[in-house]
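First the structure, in the form of structure tokens, and then the observations on it.
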Amino acid sequence: MRKKKRATIDKRILKAECLRVSPDHSAPLFQQEMYKNFDFRVGFIHQGVVSHVEEIGIPEELGAHDAEKDISIPRVSCFIVLVTQGALHHINRLPTLFKHAVWETVDAIIDENAEIPEILLVIVTDCIEKAIGEINYNQLKSEGILNRLWNNIKSAYGEKYASSDIEIFDSFYEFEEDLDEAE
């Protein structure tokens, strides 16, 4: 009987999520490594996923609402990584003309700082929603899978740049406190 192949996550997606969850004080450590092989297309789609999750909310099936920060933050982070990977898969499966149009438009936005066309948002949002519909939430609740993916996210730029869980969780607490004070 063959062993089931473990799905691999694109390192570029892990790097984008690592940048998102890393505390601000560790950002200077990334300066040398950050732009080496950083794919702005992946970063654009990743940011779209993050914005979509912030706008729509975290799915109840993820079980991250009632969980402690040390469970909820990694679960949401892993969810964002998996949705980004799924969205990229769906974009690359579009008919050739649409796929090239999406990537050419993203490149133009990045290169020329152009405005994002509404049609691009519609296509990317559709791909994100398809990816969310395919997520296996039980896998994200599995401690082994969650820990493995979470550790891959934190060390995406290498172990020497990885922030500790405590640093990451504390930065999320500080961010929430800042939001509470602003209201």
Which atoms form the tightest heavy-atom contact between [X] and [Y], and what is the distance?
X: Asp39; Y: Arg12; answer: OD2-NH1, 2.6 Å
X: Cys18; Y: Ala156; answer: CB-CB, 3.9 Å
X: Ser163; Y: Pro23; answer: OG-CD, 3.3 Å
X: His46; Y: Ile80; answer: NE2-CG2, 3.6 Å

Give, for atom [atom1] of [X] and atom [atom2] of [Y], the distance between the pair rounded to the nearest 0.5 Å.
X: Ile45; Y: Leu88; atom1: CD1; atom2: CG; answer: 6.0 Å
X: Lys11; Y: Tyr157; atom1: NZ; atom2: OH; answer: 10.0 Å
X: Leu62; Y: Glu60; atom1: CG; atom2: CD; answer: 9.5 Å
X: Leu121; Y: Thr105; atom1: CG; atom2: OG1; answer: 10.5 Å
X: Ile168; Y: Ser22; atom1: CD1; atom2: OG; answer: 5.5 Å
X: Leu149; Y: Leu140; atom1: CG; atom2: CG; answer: 7.5 Å

Counting C-beta onward and ignoring hydrogens, is there a side-chain heavy-atom pair between [X] and [Y] closer than 4.5 Å?
X: Asn92; Y: Trp103; answer: yes
X: Ile132; Y: Phe79; answer: yes
X: Gln85; Y: His89; answer: no
X: Phe40; Y: Ile109; answer: no

Partner set under side-chain contact (heavy atoms from CB on, under 4.5 Å) for Ser51, not counting sequence neighbours
Gln47
same_hphob_cluster([X], [Y]) at 4.5 Å side-chain heavy-atom cutoff:
X: Ile56; Y: Val83; value: no
X: Val50; Y: Ile73; value: yes
X: Val53; Y: Leu82; value: yes
X: Leu146; Y: Ile58; value: no

Return yes if some donor-acceptor pair links the side-chain N/O of Ser164 with the main-chain N/O of Glu167 below 3.5 Å, else return no.
yes
Could you tell me which residues satisfy side-chain hydrogen bond (donor to acceptor under 3.5 Å, both in side chains) with [X], sequence neighbours excluded, listed by chain and number?
X: Asp165; result: Trp150, Lys154
X: Asp107; result: Arg41
X: His90; result: Glu134
X: Ser77; result: Glu17

Considering residues, nucleotides and ligands other than Phe98, do more than 12 of their heavy atoms fall under 6.0 Å from its CZ?
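Incorrect, the count does not exceed 12.
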What residues form a salt bridge (Lys or Arg N to Asp or Glu O under 4.0 Å) with Lys130, not counting sequence neighbours?
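Only Asp126 meet the salt bridge (Lys or Arg N to Asp or Glu O under 4.0 Å) criterion with Lys130.
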